[in-house]
Amino acid sequence: MSQPARATGRRQQGFSMIKTASPDTPAIEFERVSCRYISPDGTATVALRDFSMRVGKGEFVAIVGPTGCGKSTTLSLITGLLKPSAGEVRLNGNRVNGIDPSIGFVFQPDAVFPWNKVLHNVAAGPLFRGSSKDTAYALAEQWLRKVGLAKFANHYPHQLSGGMRKRVALAQTFINNPQILLMDEPFSALDMQTRTLMQDELLQLWSQNTGSVVFVTHDLEEAIALADRVLVLTARPATLKRVYEINLPRPRVTSEIRYDKRFVELSREIWADLREEVHID
């Protein structure tokens, strides 16, 4: 899969690349993947069946589907936390084998240490990866400035608003220069106004780098506003139903792009597909 045209013009900095990977090698590839797991009561559940997808380098892909269909399972397979029952998952042409340090993950709940101040939370990643204390804290201060939290470096997470804590989460993730960024409903707990601001914040940070993003969401408008492509999954066991190219210009302001005629058309088309699966579910 060739790199999206939009991504080729962005600066090639901040993300480590696997040297053996060809420029045309997908950042992420699922090849006929099925995933079956056993629940605590002993019931076997098939989350994905014969699922295939590709995510190009520098591409932003959103995944939508009915509740419980297996959207988050795709992220766990990319990280290596889950292994496929059949098929293969590859990162930059290499089969996933354990947790890859080039991956960043932003969860729905805030993944912060509540006993640590904001600065310490953001510096934790570089320190864990072997950076010196001076380097880690200098980077943390730089990223706090980028996300507008420089004045809150010595606050504790409980002293911040929901939107501010989510900015901490973005700084925690981007400071590690992830080659692949996975996001699982990261803004779902925020109010609409804060959510819109955070979507723009994410797009701005992402546009400065060359990472690939897989963004799981229940919000169809959020998916269209952010992504290059939207993948629609079927009801469980999920497989790929349809892929929509989001041919909207970049850079985007999410509060404004929703009024674009093509945005409205895409919303109707994708919802028609998704509604069939919701009824099945």
### Task
Using atom types as modelled and distance alone, determine if a side-chain donor or acceptor of Thr173 lies under 3.5 Å from a backbone N or O of Val106.
no
### Message
I need the Arg49 CZ to Ser85 OG distance, nearest 0.5 Å.
### Response
11.0 Å
### Message
With a 3.5 Å distance limit and no angle check, can you tell me whether Arg229 reaches the backbone of Val243 through a side-chain donor-acceptor pair?
### Response
no
### Message
Nearest 0.5 angstrom please: Ile175 CD1 to Asn121 CG, how far?
### Response
11.0 Å
#### Entry: Distance-only donor-acceptor check, side chains Asp184 and Ser72, under 3.5 Å
yes
### Summary
Between Leu203 and Ala225, the two heavy atoms sitting closest are CD1-O, 4.2 Å
### Message
Heavy-atom count check: over 12 atoms from other residues, nucleotides or ligands less than 6.0 Å from Arg262 CZ?
### Response
yes
### Task
Could you verify whether a donor N or O on one side chain and an acceptor N or O on the other, from Ser132 and Asp134, lie under 3.5 Å apart?
no
### Query
What do the steps show when you test Leu205 against Trp143 for side chain to side chain contact (heavy atoms under 4.5 Å, CB included), and what is the final call?
CA-CA 10 Å; Leu205 293 173; Trp143 274 99; 3.7 Å; yes
### Query
Does CZ belonging to Arg165 count more than 12 external heavy atoms closer than 6.0 Å?
yes
### Query
Are any of the side-chain heavy atoms of His155 and Met164 separated by less than 4.5 Å?
no
### Summary
To the nearest 0.5 Å, atom CG of Leu77 lies from atom CZ of Phe30 at 5.0 Å
### Task
Could you check if a side-chain atom of Ile103 sits within less than 4.5 angstrom of a side-chain atom of Leu91, using non-hydrogen atoms only?
yes
### For the student: nearest non-hydrogen atoms of Phe263 and Ile257, plus distance
CB-O, 3.3 Å
### Message
Is it the case that the side chain of Thr234 and the backbone of Thr239 share a donor-acceptor pair, with hydrogens and angles ignored and the cut-off at 3.5 Å?
### Response
yes
### Message
Please check: side-chain N/O of Asp219 versus main-chain N/O of Ser188, any donor-acceptor pairing under 3.5 Å?
### Response
no
### Query
Where does the angle between the aromatic ring planes of Trp206 and Phe60 fall among parallel (under 30°), tilted (30 to 60°) and perpendicular (over 60°)?
perpendicular
### Task
Describe, in one word, how the ring planes of His158 and Tyr156 are oriented to each other, choosing from parallel (under 30°), tilted (30 to 60°) and perpendicular (over 60°).
parallel
### Query
Between Arg252 and Ala227, is there a donor-acceptor pair closer than 3.5 Å when you use the side chain of the first and the backbone of the second?
yes
### Query
Would you find a donor on one side and an acceptor on the other, under 3.5 Å apart, between the side chain of Ser34 and the backbone of Asp50?
yes
### Query
Is the backbone N or O of Ile28 less than 3.5 Å from a side-chain atom of Lys57, with the two atoms forming a donor-acceptor pair by type?
no
### Heavy-atom donor-acceptor pair, Ser52 side chain to Arg32 backbone, under 3.5 Å
yes
### Query
Asp228 and Arg250: side chain to side chain contact (heavy atoms under 4.5 Å, CB included), yes or no, with the steps?
CA-CA 10 Å; Asp228 294 314; Arg250 292 192 186 274; 3.1 Å; yes
### Task
Measure from the side-chain N and O atoms of Glu277 to the backbone N and O of Leu233, and report whether any donor-acceptor pair falls under 3.5 Å.
no
### Task
Identify whether Met198 and Leu160 are in the same connected component of the hydrophobic contact network (ILVMFWY, side-chain heavy atoms under 4.5 Å).
yes
### Query
When clusters are formed by joining ILVMFWY residues with side-chain heavy atoms under 4.5 Å apart, either directly or through shared neighbours, do Leu197 and Phe215 land in the same one?
no
### Task
Kindly indicate, with the supporting measurements, whether the criterion side chain to side chain contact (heavy atoms under 4.5 Å, CB included) is fulfilled by Leu181 and Phe174.
CA-CA 9 Å; Leu181 178 60; Phe174 277 97; 3.7 Å; yes
### Message
To check you understand the geometry: which heavy-atom pair defines the closest contact between Glu201 and Leu170, and what is its length?
### Response
CG-CD1, 4.2 Å
### Message
Nearest 0.5 angstrom please: Leu75 CG to Ile63 CD1, how far?
### Response
6.0 Å
### Task
Name the orientation class of the two ring planes belonging to Tyr137 and His120 (parallel below 30°, tilted from 30 to 60°, perpendicular beyond 60°).
perpendicular
### Interatomic spacing from CZ in Arg236 to NZ in Lys71 - rounded to 0.5 Å
9.5 Å
### Query
Rounded to the nearest 0.5 Å, how far apart are CD1 of Ile78 and OG1 of Thr73?
11.0 Å
### Task
Salt-bridge test for Lys241 and Glu276: reply yes if a basic N is under 4.0 Å from a carboxylate O, no otherwise.
yes
### Task
Kindly check if the number of other-residue, nucleotide or ligand heavy atoms within 6.0 Å of CG (Asn247) is above 12?
yes
### Message
I'd like to know if the side chain of Asn176 reaches the main chain of Gln172, judged simply by a donor and an acceptor atom lying under 3.5 Å from each other, with no hydrogens or angles considered.
### Response
yes
### Task
For residues Ala62 and Ala223, report the shortest heavy-atom separation together with the two atoms involved.
CB-CB, 3.6 Å
### Query
Which heavy-atom pair separates Glu59 from Gly56 by the least distance, and what is that distance?
OE1-N, 2.7 Å
### Message
Is it true that Gln179 and Asn92 share a donor-acceptor pair across their side chains at a distance under 3.5 Å?
### Response
yes
### Task
Go through the steps for Thr194 and Lys166 under the test side chain to side chain contact (heavy atoms under 4.5 Å, CB included), then give the verdict.
CA-CA 10 Å; Thr194 306; Lys166 198 56 67 176; over 6 Å; no
### Task
Begin from the C-alpha positions of Asp41 and Thr43 and carry the test side-chain hydrogen bond (donor to acceptor under 3.5 Å, both in side chains) through to its verdict.
CA-CA 6 Å; Asp41 63 1; Thr43 304; 2.9 Å; yes
## Note on the structure
Closest non-hydrogen contact found for Val55 with Ser212 is CG1-CB, 4.1 Å
